Visitor: 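Take this structure first; my questions come after.
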Amino acid sequence: MPENPGRVGWIGTGRMGFQLCRRLLDAGYEVTVYNRTRSKAEPLAEYGATVVDRPVELAACDIVFSMVSASSDLHAVMTGDDGLLTDPGRRPRIIVDSSTVSVDASEEVRRRAAELGTVLLAAPVSGNPKVIKAGKLTVAVSGPREAFDEVEPMLAHFGRGVTYVGDGEVARLVKICHNVFLGVVTQSLAEITVLAERGGVSRAAFLEFLNDSVMGSTFTRYKSPALVNLDFSPTFTMPLLRKDFDLGLAAAHDLDVPMPVASATAQLVAAAVGAGHRDEDFATLIVEVARGAGLALESEHAVVDDGLPEQAREARAVSEVVR
């Protein structure tokens with residue numbers, strides 16, 4: 001059993017929040033859970049969670065984690081009707097928020113929490129459910145160092161890396177910078193992959209070469225199956241990527257940092273959303289690049305190792321059967 005941190009609460013059980021909350025439950029923590037759509041939280045009861053109907057019912061918890069999808073959602077669960085911080089007699093000691101929201105929205109919640117004697121840690125994460133399952137999620141955290149030191153053992157259960165990046169809201173900027181880079185790299189990867197195919201090289205062969213070269217990375221290998229086999233099951237959608245580009249370019253404006261490559265990519269992402277790529281994975285950027293090149297993409301139906309441990313084992317097993 002882990003060292004007892006007191007009562008633990010969790011707000012938000014979407015695709016990411018569900019998996020991360022489950023990791024805490026699997027590690028032996030007792031967690032009380034709220035989600036706007038209760039049915040999405042109820043399966044966690046099988047792993048020992050207690051499910052409640054209002055965020056304010058978590059006010060008696062010592063530490064509350066939150067992961068919601070937008071700034072307005074964060075305000076709603078924290079300070080809206082029946083929000084976590086609306087009980088005049090009770091409030092958590094620490095809130096650990098892993099939502100990807102604007103710095104301004106987070107600062108507003110931080111100020112309200114501070115007025116009540118509650119510490120807010122910004123703790124955005126990098127990854128998706130498959131990455132969580134493989135144990136490779138990373139977390140950037142900002143806020144009071146003492147609070148970070150207290151919750152770090154819990155955050156360590158999320159994945160392979162937890163980095164304290166400073167005071168206040170700087171973790172939000174770290175995550176936004178990360179996601180802008182994610183979009184720029186994916187657009188570039190789509191362009192060079194289409195170029196290679198246009199010249200007669202299969203996407204599978206080109207990406208195998210790239211991934212084995214010094215230019216390959218965990219990310220390029222992870223995205224290769226989607227680009228090769230055109231499986232765009234969503235891990236991160238284009239509208240969410242567009243939102244993060246908007247946040248990143250707004251921060252660049254405020255901090256007087258020129259970002260011409262990011263600005264151009266933001267326009268391409270917006271065009272992809274306008275073309276109807278809303279519910280698919282953002283790897284569909286390759287479809288728009290190919291369209292511009294007059295190239296009709298087809299799945300190559302190839303066995304491609306995405307570099308994640310469990311999937312890598314499955315890919316090798318399938319490969320042996322094919323041979």
Side-chain angles (χ1 to χ4, degrees), residues 15 100 126-131 134 136 138 175-249 252 259-308 311-312 315:
R15 292 185 308 112
T100 301
S126 171
N128 58 55
K130 285 182 68 176
V131 173
K136 293 195 173 186
T138 55
K175 176 61 185 295
I176 290 167
C177 290
H178 171 279
N179 282 8
V180 168
F181 187 48
L182 190 75
V184 169
V185 169
T186 303
Q187 175 65 26
S188 179
L189 186 61
E191 291 176 9
I192 60 174
T193 302
V194 168
L195 175 61
E197 181 171 3
R198 191 70 163 148
V201 182
S202 72
R203 298 191 300 278
F206 172 71
L207 289 169
E208 180 180 354
F209 164 78
L210 178 73
N211 290 331
D212 288 338
S213 77
V214 295
M215 294 302 295
S217 67
T218 299
F219 178 71
T220 62
R221 186 174 296 280
Y222 170 66
K223 274 300 173 195
S224 290
L227 300 181
V228 170
N229 296 321
L230 308 184
D231 178 1
F232 300 128
S233 301
T235 62
F236 190 56
T237 63
M238 208 77 76
L240 291 177
L241 182 60
R242 178 177 62 178
K243 178 195 74 171
D244 287 346
F245 266 98
D246 290 344
L247 292 173
L249 293 175
M259 298 183 70
V261 175
S263 297
T265 305
Q267 293 300 311
L268 296 169
V269 170
V273 173
H277 299 291
R278 304 189 64 88
D279 299 321
E280 304 161 295
D281 188 76
F282 69 104
T284 51
L285 283 167
I286 196 172
V287 174
E288 292 305 304
V289 174
R291 191 193 314 278
L295 185 65
L297 298 180
E298 296 182 358
S299 171
E300 295 182 357
H301 302 292
V303 176
V304 182
D305 183 356
D306 67 4
L308 298 180
Q311 288 72 26

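We number each residue from 1, following the sequence as shown. Keep in mind the model is a prediction, meaning the values are calculated, not measured.
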Visitor: If the condition is side chain to side chain donor-acceptor pair (under 3.5 Å), which residues does Ser224 pass it with, not counting sequence neighbours?
Guide: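 In terms of side chain to side chain donor-acceptor pair (under 3.5 Å), with neighbours along the sequence ignored, Ser224 is linked to Asn211.
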Visitor: Locate the shortest heavy-atom distance separating Val180 from Gly248; write the atom from each residue and the value.
Guide: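 That closest heavy-atom pairing would be CG2-CA, 4.1 Å.
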Visitor: Arg242: which residues meet the side chain to side chain donor-acceptor pair (under 3.5 Å) condition with it, sequence neighbours left out?
Guide: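 Arg242 satisfies side chain to side chain donor-acceptor pair (under 3.5 Å) with no other residue.
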Visitor: What pairs with Thr235 under side chain to side chain contact (heavy atoms under 4.5 Å, CB included), at least two apart in sequence or on another chain?
Guide: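 Once residues adjacent in sequence are excluded, the partners of Thr235 under the side chain to side chain contact (heavy atoms under 4.5 Å, CB included) criterion are Asn128, Tyr222, Lys223, Asp281, Phe282.
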Visitor: Are any side-chain N or O atoms of Glu300 and backbone N or O atoms of Arg203, one a donor and one an acceptor, separated by less than 3.5 Å?
Guide: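 Side chain of Glu300 to backbone of Arg203: a pair is present.
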Visitor: Restricting to non-hydrogen atoms, name the atom on Ala266 and the atom on Phe245 that form the minimum distance, rounded to 0.1 Å.
Guide: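 Closest pair (atom of Ala266, atom of Phe245, distance): CB-CD2, 3.7 Å.
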Visitor: What verdict does the side chain to side chain contact (heavy atoms under 4.5 Å, CB included) test give for Phe232 and Ile286, after you've listed the backbone C-alpha separation in whole Å, the side-chain angles of each residue and the deciding distance to 0.1 Å?
Guide: CA-CA 11 Å; Phe232 300 128; Ile286 196 172; 4.0 Å; yes
Visitor: Pick from Asp305, Asp306, Asp212: which one makes a side-chain hydrogen bond (donor to acceptor under 3.5 Å, both in side chains) with Arg221?
Guide: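 Exactly one pass, corresponding to Asp212.
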Visitor: Could you give the side-chain donor-acceptor pairs of residues 272-280 under 3.5 Å, partners two or more places apart or in another chain?
Guide:
residue	atom	partner	partner atom	Å
His277	ND1	Glu280	OE1	2.8
His277	NE2	Glu288	OE2	2.8

Visitor: How long is the gap from OG on Ser126 to CG on Asn179, to the nearest 0.5 Å?
Guide: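 If I round to the nearest 0.5 Å, the distance is 7.0 Å.
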Visitor: So, using side chain to side chain donor-acceptor pair (under 3.5 Å) as the criterion, who are the partners of Asp231 when residues are at least two apart?
Guide: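 Ser233.
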Visitor: To the nearest 0.5 Å, what is the distance between OG1 on Thr284 and CG on Leu227?
Guide: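 Answer for the OG1-CG pair, Thr284 versus Leu227, is 10.0 Å.
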Visitor: Start with the C-alpha distance between Asp244 and Phe236, add both sets of side-chain angles, then the distance that settles side chain to side chain contact (heavy atoms under 4.5 Å, CB included), and finish with yes or no.
Guide: CA-CA 11 Å; Asp244 287 346; Phe236 190 56; 3.4 Å; yes
Visitor: As an exercise, state the distance from OG1 of Thr138 to NZ of Lys136, rounded to the nearest 0.5 Å.
Guide: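 So the OG1 of Thr138 and the NZ of Lys136 are separated by 11.5 Å.
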Visitor: Considering only distance and modelled atom types, tabulate donor-acceptor pairs under 3.5 Å from the side chains of residues 188-196, sequence neighbours left out.
Guide:
residue	atom	partner	partner atom	Å
Glu191	OE2	Gln187	NE2	2.8
Thr193	OG1	Leu189	O	2.7

Visitor: Give me the atom names and distance for the closest heavy-atom approach of Leu297 to Ala290.
Guide: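 What the structure gives for the nearest pair is CG-CB, 3.5 Å.
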Visitor: Supply the atom-to-atom distance Met259 CE to Cys177 SG, rounded to the nearest 0.5 angstrom.
Guide: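 That separation rounds to 6.5 Å.
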Visitor: List the atom of Leu285, the atom of Leu268, and the distance in Å for their closest heavy-atom pair.
Guide: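 In this case the closest contact between Leu285 and Leu268 is CD2-O, 4.4 Å.
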Visitor: Begin with the C-alpha distance, continue with both residues' side-chain angles, and end with the deciding distance and a verdict on side chain to side chain contact (heavy atoms under 4.5 Å, CB included) for Val228 and Phe206.
Guide: CA-CA 10 Å; Val228 170; Phe206 172 71; over 6 Å; no
Visitor: Kindly give the heavy-atom pair with the smallest separation between Ala262 and Leu249, and that separation in Å.
Guide: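 Minimum heavy-atom separation between Ala262 and Leu249: CB-CD2, 4.2 Å.
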